[in-house]
Amino acid sequence: MEEKRFEAGRFFLKDTIRLQVDFSTTDQSRGRAAPPLQQPCSPNFARVDLPSGPDTLARLTGIPLGAAIAGRESVRRFSETSLSLEELSMLLYATQGVRKVLGPECALRVVPSAGARHAFESYVAVSRVDDLTPGLYRYLPFDNQLARLYEDKKIGRRTAEACHWQQFAGKAAAVFFWTAVPSRMEWRYAEAAHKVIAVDAGHVCQNLYLAVQAIGAGTCAIAAYNQAACDSLLGVDGSEEFTVYIAPVGKC
């Protein structure tokens with residue numbers, strides 16, 4: 001009985017990638033256009049220009065790599081200190097920044113991704129970031145901008161509620177939400193896409209864990225959340241785009 005209970009999860013982990021996928025039937029093989037590298041964003045949303053990602057990364061991350069790896073830990077207590085816009089820009093770039101666009105179907109980022117498909121979008125619930133009104137923002141890495149989706153002075157409380165009332169999520173200066181757009185990966189990998197999406201999420205969050213140390217901040221990844229509540233908070237449909245990972249960030 002115990003083996004049956006875990007059978008589906010174990011199949012996902014060890015056998016999904018070995019499925020006899022007929023790659024001749026994928027949308028890529030059929031010559032269909034790839035999904036956009038960045039979800040469309042309405043021009044009605046106000047945009048905030050960000051400091052240069054590579055410049056902020058070089059200027060703010062002076063900590064030795066060995067020290068960052070050795071010091072990596074999950075932090076659930078944050079001070080009331082705000083993040084600067086430059087610091088937020090650096091963290092966004094460190095997790096999903098675009099290094100080079102190779103064409104309409106491929107871009108290289110600062111994190112690895114299967115087939116360079118990069119199936120994620122980044123949202124930030126901002127409570128305390130200098131020069132930003134509290135509310136929800138979406139990172140537009142190809143434009144080096146934030147789109148302000150809506151203002152909300154109680155965004156921290158709403159975030160904590162969506163995370164099963166984990167209070168530290170509501171006390172962070174900013175909370176990173178990553179959504180998956182599965183069609184980006186399915187376009188190339190069909191049924192094998194979903195395991196590598198899960199693997200790729202770890203790459204993204206580990207970069208955040210390392211980068212926050214350079215600015216005297218901390219984070220703690222969250223995978224326990226109310227799916228419907230988080231998707232509603234972000235305004236995504238829960239099918240073609242949905243929440244997969246969350247990480248509150250605050251000064252220590």
Side-chain angles (χ1 to χ4, degrees), residues 11-13 15-43 45 47 50 53 91-124 136-147 149 176-208 221-223 225 227-228 230-247:
F11 176 84
F12 173 77
L13 285 176
D15 292 327
T16 304
I17 211 70
R18 296 187 298 178
L19 284 171
Q20 295 302 306
V21 177
D22 183 357
F23 287 100
S24 68
T25 66
T26 65
D27 284 349
Q28 181 183 22
S29 297
R30 290 172 174 171
R32 295 175 179 169
L37 299 174
Q38 178 174 282
Q39 288 285 77
C41 186
S42 170
F45 293 126
R47 303 284 188 100
L50 294 171
L91 297 178
L92 289 166
Y93 184 81
T95 52
Q96 281 287 273
V98 175
R99 289 171 38 229
K100 186 177 183 180
V101 178
L102 301 181
E105 298 175 353
C106 184
L108 303 180
R109 303 203 190 196
V110 297
V111 290
S113 176
R117 295 309 302 146
H118 297 286
F120 305 116
E121 294 286 332
S122 299
Y123 296 77
V124 187
L136 184 72
Y137 295 77
R138 181 156 76 90
Y139 179 42
L140 306 175
F142 290 88
D143 305 300
N144 197 39
Q145 292 178 324
L146 284 172
L149 304 186
F176 284 59
F177 286 83
W178 293 291
T179 62
V181 182
S183 60
R184 283 190 204 152
M185 198 69 75
E186 293 163 348
W187 176 79
R188 175 167 293 169
Y189 293 114
E191 295 91 342
H194 310 107
K195 177 177 179 175
V196 290
I197 290 175
V199 171
D200 281 1
H203 301 150
V204 173
C205 195
Q206 179 69 354
N207 268 26
L208 182 66
I222 292 177
Y225 53 84
Q227 186 72 55
C230 285
D231 291 344
S232 177
L233 180 73
L234 304 182
V236 297
D237 65 13
S239 176
E240 296 303 314
E241 182 181 359
F242 47 85
T243 309
V244 293
Y245 218 3
I246 304 169

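Looking at Glu105 and Arg188, no side-chain N of the basic residue comes within less than 4.0 Å of a carboxylate O on the acidic one, giving no salt bridge.
With sequence neighbours left out, Asp231 forms a side-chain hydrogen bond (donor to acceptor under 3.5 Å, both in side chains) with Gln227, Thr243.
Considering CD of Glu121 and CG of Leu140, their distance stands at 8.0 Å, rounded to 0.5 Å. In this structure, Ile246 CD1 and Leu233 CG are separated by 8.5 Å, a value rounded to the nearest 0.5 Å. Arg138 contributes atom CZ, which lies 8.5 Å from atom CZ of Phe45 (distance to the nearest 0.5 angstrom). Between the OG atom in Ser122 and the CZ atom in Phe177 there is a gap of 12.0 Å [rounded to 0.5 Å]. Note that CG of Leu146 and OH of Tyr139 are 8.5 Å apart. Values are rounded to the nearest 0.5 Å. For the atom pair CZ of Phe23 and OG of Ser29, the computed distance is 8.5 Å after rounding to the nearest 0.5 Å.
Remark: the backbone N or O of Val111 is not paired with any side-chain donor or acceptor of His203 at under 3.5 angstrom. Under a 3.5 Å cut-off, the side chain of Arg117 and the backbone N or O of Arg184 do form a donor-acceptor pair. In this structure, the side chain of Arg99 engages the main chain of Arg109 through a donor-acceptor pair within 3.5 Å. Side chain of Asp237 to backbone of Ser239: a donor-acceptor contact under 3.5 angstrom is found. The backbone N or O of Thr25 sits less than 3.5 Å from a side-chain atom of Arg30, completing a donor-acceptor pair. Side chain of Trp187 to backbone of Arg32: a donor-acceptor contact under 3.5 angstrom is found.
By the 4.5 Å heavy-atom criterion applied to side chains, Leu92 and Pro141 are not counted as neighbours. No side-chain heavy atom of Glu191 sits under 4.5 Å from any side-chain heavy atom of Glu186. Taking the side chain as every heavy atom from C-beta outward, Phe176 and Leu91 approach each other to under 4.5 Å. Put simply, the side chain of Leu136 does not reach to within 4.5 Å of the side chain of Val124, judged on heavy atoms. Side-chain contact between Arg47 and Cys41 is present, with at least one heavy-atom pair separated by less than 4.5 Å. For the pair Val236/Tyr123, a side-chain contact is recorded, criterion being any heavy-atom separation below 4.5 Å from C-beta on.
Side chains of Gln96 and His118: no donor on one and acceptor on the other come within 3.5 Å. Looking at Asp143 and Gln38, their side chains do bring a donor and an acceptor atom within 3.5 Å of each other. Side-chain atoms of Asn207 and Thr95 form no donor-acceptor pair, as typed in the model, at a separation below 3.5 Å.
The two atoms that bring Leu37 and Pro104 nearest to each other are CG-O, 3.8 Å, heavy atoms only. Between Ala180 and Val244, the shortest heavy-atom distance links the atoms CB-CG1, 3.6 Å. Residue Gly53 comes nearest to Asn144 through the heavy atom pair N-OD1, 4.2 Å, listed as atom of the first residue, atom of the second, then distance. Residue Asp200 comes nearest to Ser113 through the heavy atom pair OD2-OG, 2.6 Å, listed as atom of the first residue, atom of the second, then distance. Scanning both residues, Pro182 and Ile197, for their nearest heavy atoms gives CA-CD1, 3.9 Å.
Between Trp178 and Tyr245, the angle of the ring planes lies from 30° to 60°, which puts this pair in the tilted group.
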One pair to check against side-chain contact (heavy atoms from CB on, under 4.5 Å): Val101 and Phe142. What are the steps and the verdict? CA-CA 9 Å; Val101 178; Phe142 290 88; 3.7 Å; yes
